[in-house]
Amino acid sequence: MKAHLSLAATSGHLVLEKMNPTVSIAVILTVLQAAHCQMIRDLSACLLGQSLRVDCRYENKTSNPLTYEFSLTKDNRKHIIQSTISVSENVYRNRANVTMHKNLVCLYLHSFTTSDEGVYMCELKATNDYTGNQIKNITVIKDKLEKCAGFSLLIQNTSWLLLLLLSLPLLQAVDFVSL
């Protein structure tokens, strides 16, 4: 038995042989989960009345809590607007808020003016994700911003609506719904 243990120890298998199978699976899943927990898919900005809305869409492959930071770079200086990663600057605290929906983090900057123009950054990090933060930038110029679509958030979070529309012909065929 001693020879087997020393051989297993030199080949690096001692830990796996002596480890509970349930723990082994948990360790493997944790390592795989931390490989890429989230990825920013899209960063967009639009005007909602007098407010700037910055939408940071991401793909999350874990149920771990998400931390975020929205910042603005202007005049070669980074200004933290809203964050769960670090401290927000006083000048933005009363003007900004963030909402989180499934796969979407939205920054709202109220009373948006040309002095708020610059490069906006969305930074996301899932708890226990050791691959680093995901970062995406967008340049925001007030005169070039489009107005926000009022129904984009509703459509994004209602896949059931698409399912209903796709199944409508089937429901009509079985005379369940008549139009």
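These numbers come from the heavy atoms of this one structure, side chains and all, not from hydrogens, waters or symmetry mates.
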Could you list the residues that satisfy side-chain hydrogen bond (donor to acceptor under 3.5 Å, both in side chains) with [X], not counting sequence neighbours?
| X | result |
| --- | --- |
| S51 | H110 |
| K78 | E69 |
| N76 | none |
| S111 | none |

Other ILVMFWY residues reachable from I80 by side-chain steps of under 4.5 Å
none
Hydrophobic cluster mates of I135, side-chain heavy atoms under 4.5 angstrom, ILVMFWY only, any path?
M121
Atom pair [atom1]/[atom2] of [X] and [Y] - distance to nearest 0.5 Å:
| X | Y | atom1 | atom2 | answer |
| --- | --- | --- | --- | --- |
| Y68 | L124 | OH | CG | 10.5 Å |
| S71 | H79 | OG | NE2 | 9.5 Å |
| M100 | Y58 | CE | OH | 4.5 Å |
| T114 | D143 | OG1 | CG | 8.0 Å |

Should [X] and [Y] count as side-chain neighbours, where that means a heavy-atom distance under 4.5 Å?
| X | Y | result |
| --- | --- | --- |
| L66 | V105 | yes |
| Y92 | L72 | yes |
| L109 | F70 | no |
| I81 | E89 | no |
| Y108 | L52 | no |
| I138 | V119 | no |

Short side-chain to backbone donor-acceptor contact, E117 and K142, under 3.5 Å
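Here the side-chain-to-backbone pair exists.
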Donor-acceptor check, side chain of K147 to backbone of G49, threshold 3.5 angstrom: yes or no?
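Here the side-chain-to-backbone pair does not exist.
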Restricting to side-chain contact (heavy atoms from CB on, under 4.5 Å), what partner residues turn up for T67, sequence neighbours left out?
T84, I85, K125
Taking side-chain contact (heavy atoms from CB on, under 4.5 Å) as the definition, give me every residue that meets it alongside S44, ordered by chain and number, with sequence neighbours left out.
D42, D55, R57
Can you name the nearest heavy-atom pair linking S88 to S83, along with the distance?
OG-N, 3.3 Å
Evaluate side-chain contact (heavy atoms from CB on, under 4.5 Å) for Y120 paired with L43, printing each intermediate quantity in order.
CA-CA 9 Å; Y120 282 76; L43 186 64; 5.7 Å; no
Working for side-chain contact (heavy atoms from CB on, under 4.5 Å), residues Q82 and L107:
CA-CA 8 Å; Q82 275 284 345; L107 167 72; 4.2 Å; yes
Restricting to pairs with a member in residues 39-85, which pass disulfide bond (SG atoms under 2.5 Å apart), not counting sequence neighbours?
C46-C148, C56-C122
With sequence neighbours excluded, what pairs up with R95 under the salt bridge (Lys or Arg N to Asp or Glu O under 4.0 Å) test?
D116
Among the clusters formed by ILVMFWY side chains lying less than 4.5 Å apart, do V91 and V98 turn up in the same one?
yes
